[in-house]
Amino acid sequence: MKEISELHFPENLRYSTDHEWARPDKDLFVVGISDYAQDRLGDIVYVDLPATGSKIKKGADFGSVESVKAVSELFMPIGGEVVAVNTQLGDTPELVNSEPYGNGWMIKVKPGDPGEYQQLMDQKSYLDTLKG
Amino acid sequence: MIGTTGLIFNEPLLWELGAPGREAFSQPAREVPEQPVDPDLTGPGPDFPDLSELEIVRHYTRLSQWNLSVDSVMYPLGSCTMKYNPKTNERQASLPGIASAHPLLPEAMSQGLLRLIFDLEQWLAEITGLAAVSLQPAAGAQGELTGMLIFHAHHASLGRPRTKILIPDTAHGTNPASAALCGFTAVPVRSGPQGILEPQAVADLMDEETAGIMLTNPNTLGLFEANIRQVAEIVHAKGGLVYADGANMNAVLGVVDMSAMGVDVLHLNLHKTFSTPHGGGGPGAGPVCVTAKLAPYLPVPRVVQAGERLAWRSDFPLSVGRLHAFYGNFGILVRAYSYILSLGADLAQVSRLAVLNANYIQAGLKQDYHLPHDRPCMHECVFTDQRQLAHKVSALDIAKRLIDYGFHPPTIYFPLVVSGALMIEPTESETKETLDHFIAAMRAIAREAEQNPELLHQAPHHAKLRRLDEVKAARKPCLMG
Amino acid sequence: MRYLPHTEADIQAMLGAVGVGSIDDLFAQIPGQCRRQRPMDLPPALGEWDLDRHMEHLAAATATAPEYKIFLGAGSYDHHIPETIKQLLRRGEFFTAYTPYQPEVSQGTLQAIYEYQTLVGRLLGMEVANASMYDGASALAEALLMAIRVTKRRRVALSRAVHPHYRQVVETYLRPAGFEIVLLPYGADGRTDLSRLANASDLAAVAVQSPNFFGCVEDLKAVEAATHAQAGTLMITAFSEPLAYGLYQAPGRLGADIVCGEGQSLGIPRSFGGPGVGLFACREAHMRSMPGRLVGQTVDLEGRRGFVLTLSTREQHIRRERATSNICTNQGLCALAAAMYMASLGGSGFRQLARLNYDTAGYLKNALQAAGIALPFSAPTFNEFVVRLPAGSQNRYQQLLARRIVAGLPLVQYFPELSDHYLLCATETSRKQDLNLLVQEVTR
């Protein structure tokens, strides 16, 4: 596990208390887990994602990530309809470790209420919660 | 070091051996003519390799040599009770009248076997202090499931099905998984600062939607749940039941009375306390013991006295039903029966010596390893890697290094409430000299952790293989050759 | 006592090191109200030789071959077990090891289980097999629960021609959570009548057994078509006699999604019904929903081939109440015996032995029929089959017992409509003269 200072948290995203991030992409939001989350989980071996078309509320679980000896549930940072999932993670779950904000993205959500994005933490607030 | 390194044979996979047409089986003489077969239904048969008898013998002999086992080394796995598995038990289980017995023989032709079941049930009732026993569950987890089925059936028969179950945070993961099969939602109960349950914590959570509590006593920290009577009274007052996981029964044989403790249902692990072999992961047996009030719910069939004879009976309308195709792992029951008969009253001495051995190890290691609960333990002691973490050495590294010293590692990272746990259960079988060797090895490792942590990170050095890549195994599962 | 090594001097020295005066002091944490009021009342200890006599006496009351002629199968079969297997299984390194949680010192168990999984997959024609379940009955119950998880549906269809004990275990496992079991009747040929499936909807799975409890080989192609005609429903094929797949097509090659059953026939003594071993296999697509332990291949730090327990996030010790099953162990030693047995026979030997079973039972079937005994079910069989004896057969059955012949299993206890029907079994261990004796005695 790394020190917080060794981890990377882009400023153009917002973060949830459950360590998911969201990024606006036209009228959608891209969702993944933060560098902190992937680092704490360790080597990710499997990502279980929902079917496209699923409608899931903010805060409800949309899947799980697994390391060798742990399972963590994934929670919607913004409620809405899952319109795309990252199928690349089926064969290469390690992308979540190596590029958590890039090719390690998980789902794209069409938001029910785009205003929920503003309720998420910005980079600075998120860093503050991590440092406790 | 109690070991030395020697030649370890490589051995390929079965299908990398052999040649078509070989066999290691003596085909019986054919006395009957071939019968016609419906060609629409037949298939090519399995694609198995063909090996000679000596190829089979060498293959499995070499594989066996890659294992550590109780027969070769001290195997102090906490919560697993890796005691000596007496050889005479194997002889008894393989007697023709036992090993060759068909389970559906008419009762008159299997009276000796019914007697064995009947008597073993009586003895386990006597040992636990509970009234009635079913030997049918095939493993501890199935015993637990049986217990939860009994909880479920009991509340259902009163017309008040319940939805929740209390489970302490020290519990084994099987407890919530077994409860979930009966539709119960697990409600965690935090243990107190002394490492045991506080009655108030249970009182705060217990209500009339809660079926009862599942606990392990002694618990997984190796401590006796001294408040169990008060806990049981709280649970009973709300109409709930108390389930005890008997995984740690090896600590309290001849000492406690489960019914006096307020326990309603208990499962035993014959492969722990009663010396039946673990077999690399089974088969075991998980008998369930209950109070007289709950006896009508036990699985069927049950052996009953019918005049002079013993008989199978299934007409118990409240029974949870059948758990096994026949009567459970009978061959394992035979071994436990043989063990109890071999010890008789000395069974009480088993727990006394198991507890003495654990405390001796606890005393011998507490200078070198962090002991979260510094008080006499029961049959196992729990240390942590806290001091060694300062040198970036983890419980895993300590465990792997013990292999080089000729010991099987203890249980690590369990119970979950203790970070970096090392859970050591020596059992009564080990001599003082072996314990001294073990303590010396652990202390030497503590010194190595300070002086040469890399040696531990790279351990084991003397096993068949170095550390294995579990991430690769899980990312790209290869489960068949 | 020879299992307890402590001398009085040892005990004193150890108490001194611990810093207590007596062993009793170590138990001080146990409140008086939790304690026994009297010592355990157990029979007196027996020395090794007295124990041998006692156990021989108990065992002697059991009817066994060759004194008795026993034509019982019904989920527990008499097959020859090579001495090599008996002796190799007794190796303490296999026998007295625990679950292979420390792979560096458990490669023997791990490679053997990996080989077992592979042989089971090949036998059943399936893509993935687990490290084993308790027995055939609980394997079927777990298969149905798995189908319920995969499909998120709450009803399953179960053939009435599945072993009645297996059906009872399924009920025990499914009833508390309120899952519904639809029973499919058997037809005049002894096979499952699939017609009821046409109106059934929303099924998680259709489960049959083949050969079924009556010994009849199911038409698995028809079962597959009827099952998969409904989108999403899984086809489960159970079995109690895996040797049949040395002759008959493996269920996996006929479209089954989960195949499971009892492996006692594969080198494991009957032992009054247990321990046996539950074989369990499924399609790779459902691998992560599978119950039970799995061994996978990997490499060590130096790149050498090795094996580990894997995909354990499915299991109870990690996923707790959301695990795929509460099972912790497998039937390790029995799975090992099954692997040794399959390897000892090899593909050639397995086919040959299966054929001999078929021919031996077929000989008996023909001889009984020729002697005027009715064979109520017309479907093909393997090594067991049903006969209907003349009315009032119970007396005759009892007379034969007195003559040390167990003429099969009376079916009326399980199927009230099948009075005078008996399930007979003959395997490679049955001698021709005993088969002839049975025909002669039954028809006398």
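Chain letters run A, B, ... following the sequence lines, proteins first and then strands; every chain starts at 1.
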### Query
Is it the backbone or the side chain of B/Gln27 that comes under 4.5 Å from a heavy atom of chain C, or both, or neither?
side chain

### Summary
When the 4.5 angstrom heavy-atom criterion is applied to B/Leu68 and chain C, the contacting part is both

### Task
Go through the atoms of C/Pro39 and report whether side chain, backbone, both or neither lie under 4.5 Å from a heavy atom of chain B.
backbone

### Summary
Okay, C/Asp52 and chain B: the region with an atom under 4.5 Å from a heavy atom over there is both

### Task
Identify the two heavy atoms, one from C/Arg122 and one from B/Trp15, that lie closest to each other, and give their separation to 0.1 Å.
NH2-CG, 3.7 Å

### Query
Got more than 12 heavy atoms from elsewhere within 6.0 Å of NE2, C/His57?
no

### Summary
Answer key: most heavy-atom pairs under 4.5 Å with chain B among C/Gly349, C/Ala63, C/Ala137, C/Pro269 is C/Ala63

### Task
Pick whichever of C/Ala339, C/Pro82, C/Ala343 has the most heavy-atom pairs under 4.5 Å with chain B.
C/Ala343

### Query
Is the number of heavy atoms from other residues, nucleotides or ligands under 6.0 Å of C/Arg322 CZ greater than 12?
no

### Query
Do the side chain of B/Thr431 and the main chain of C/Pro5 share a donor and acceptor less than 3.5 angstrom apart?
no

### Task
Answer with side chain, backbone, both or neither: which region of B/Ala24 has an atom nearer than 4.5 Å to a non-hydrogen atom of chain C?
both

#### Entry: chain C contact via B/Leu149 - side chain, backbone, both or neither, heavy atoms under 4.5 Å
side chain

### Message
Taking every non-hydrogen pair under 4.5 Å, which of C/Leu356, C/Leu336, C/Val20, C/Val308 racks up the most with chain B?
### Response
C/Leu356

### Message
Which atoms of C/Tyr98 are under 4.5 Å from chain B, going by heavy atoms: the side chain, the backbone, both sets, or neither?
### Response
both

### Query
B/Ala348 versus chain C, heavy atoms under 4.5 Å apart: side chain, backbone, both or neither?
both

### Query
Given that the side chain runs from C-beta out, which part of C/Val406 has a heavy atom under 4.5 Å from chain B: side chain, backbone, both or neither?
side chain

### Query
Without hydrogens or angle criteria, can the side chains of C/Gln297 and C/Tyr114 be said to hold a donor-acceptor pair below 3.5 Å?
yes

### Task
Pick one of side chain, backbone, both or neither for C/Ser76, based on which atoms fall under 4.5 Å of a heavy atom in chain B.
both

### Query
With only heavy atoms counted, which part of C/Leu401 is less than 4.5 Å from chain B, the side chain, the backbone, both or neither?
both

### Query
What part of C/Thr99 lies closer than 4.5 angstrom to a heavy atom of chain B: side chain, backbone, both or neither?
both

### Query
Which one, C/Glu115, C/Arg270, C/Glu321, leads in non-hydrogen pairs under 4.5 Å with chain B?
C/Glu115

### Query
Given a strict heavy-atom distance threshold of 4.5 Å, which part of B/Leu13 is in contact with chain C: side chain, backbone, both, or neither?
both

### Query
Heavy-atom distance under 4.5 Å to chain B: side chain of C/Leu294, backbone, both or neither?
side chain

### Query
Where on C/Ser325 is there a heavy atom nearer than 4.5 Å to chain B: the side chain, the backbone, both, or neither?
backbone

### Query
Non-hydrogen atoms of chain B under 4.5 Å away: do they reach the side chain of C/Arg293, the backbone, both or neither?
side chain

### Task
Consider only side-chain N and O atoms of B/Ser69 and B/Ser72, and report whether a donor and an acceptor are under 3.5 Å apart.
yes

### Query
Which bit of C/Tyr68 comes within less than 4.5 Å of chain B, counting heavy atoms only: side chain, backbone, both or neither?
side chain

### Task
Side chain from CB out, backbone as N, CA, C, O: work out which of these in B/Pro96 comes under 4.5 Å of a heavy atom of chain C, or both, or neither.
backbone

### Query
What part of B/Pro49 lies closer than 4.5 angstrom to a heavy atom of chain C: side chain, backbone, both or neither?
both

### Task
State whether the side chain of C/Asp135 and the backbone N or O of B/Ala325 hold a donor-acceptor pair below 3.5 Å, judged by distance alone.
yes

### Query
If you tally heavy-atom pairs under 4.5 Å against chain B, which of C/Gln102, C/Gln168, C/Glu127, C/Gln316 wins?
C/Gln316

### Query
Which region of B/Ile228, side chain (C-beta onward) or backbone (N, CA, C, O), has a non-hydrogen atom less than 4.5 Å from a non-hydrogen atom of chain C, or is it both or neither?
side chain

### Message
Other residues, nucleotides and ligands only: do more than 12 of their heavy atoms fall within 6.0 Å of NZ on B/Lys472?
### Response
no

### Task
Can you tell which part of B/Tyr60 gets under 4.5 Å to a heavy atom of chain C, answering side chain, backbone, both or neither?
both

### Task
Taking the six-membered ring for Trp and the single ring otherwise, decide whether the centroids of B/Phe48 and C/Phe350 are under 6.0 Å apart.
yes

#### Entry: Contacting moiety of C/Ile70, where chain B heavy atoms sit under 4.5 Å
side chain

### Query
With a 4.5 angstrom heavy-atom cut-off, which part of B/His102 approaches chain C: side chain, backbone, both or neither?
both

### Query
Between B/Gly21, B/Ser275, B/Pro460, which residue shows the highest count of heavy-atom pairs closer than 4.5 Å to chain C?
B/Pro460

### Task
Side chain from CB out, backbone as N, CA, C, O: work out which of these in B/Asp47 comes under 4.5 Å of a heavy atom of chain C, or both, or neither.
both

### Task
Could you tell me whether B/Glu90 and C/Lys86 make a salt bridge, using a distance below 4.0 angstrom between a side-chain N and a carboxylate O?
no

### Message
Is it the case that the side chains of B/Thr88 and B/Gln92 hold a donor-acceptor pair, with the cut-off being a distance below 3.5 Å and no angle test?
### Response
yes

### Task
Please check if atom CD in C/Glu302 has more than 12 non-hydrogen atoms from other residues, nucleotides or ligands closer than 6.0 Å.
yes

### Summary
Here the gap from C/Ser271 atom OG to B/Leu95 atom CG, rounded to the nearest 0.5 Å, amounts to 10.5 Å

### Message
Using heavy-atom distances under 4.5 Å, tell me whether B/Lys400 contacts chain C through its side chain, its backbone, both, or neither.
### Response
side chain

#### Entry: C/Ala60 versus chain B, the contacting section by heavy-atom distance below 4.5 Å
neither

### Task
Please work out whether the ring planes of C/His163 and C/His165 are parallel, tilted or perpendicular, with thresholds of 30° and 60°.
tilted

#### Entry: C/Ser106, part contacting chain B, at a heavy-atom distance under 4.5 Å
both

### Task
Determine whether C/His80 and B/Pro28 make a side-chain contact, defined as any pair of heavy atoms from C-beta on separated by less than 4.5 Å.
yes

### Query
Which distance, rounded to the nearest 0.5 Å, do you find between the OG of C/Ser348 and the CZ of B/Arg22?
11.5 Å

### Task
State plainly whether the residues C/Glu93 and B/Arg62 are in salt-bridge range, i.e. N to O under 4.0 Å.
no

### Task
Name the option with the most non-hydrogen atom pairs under 4.5 Å to chain B; the candidates are C/Ala74, C/Ala45, C/Gly136.
C/Ala45

#### Entry: Side chains of B/Asp469 and C/Thr298, donor plus acceptor under 3.5 Å
no

### Task
Indicate whether the side chain of B/Glu430 and that of B/Asn357 have a donor and an acceptor atom separated by less than 3.5 Å.
no

### Task
Give, as side chain, backbone, both or neither, the part of B/Ile403 having an atom under 4.5 angstrom from any heavy atom of chain C.
side chain

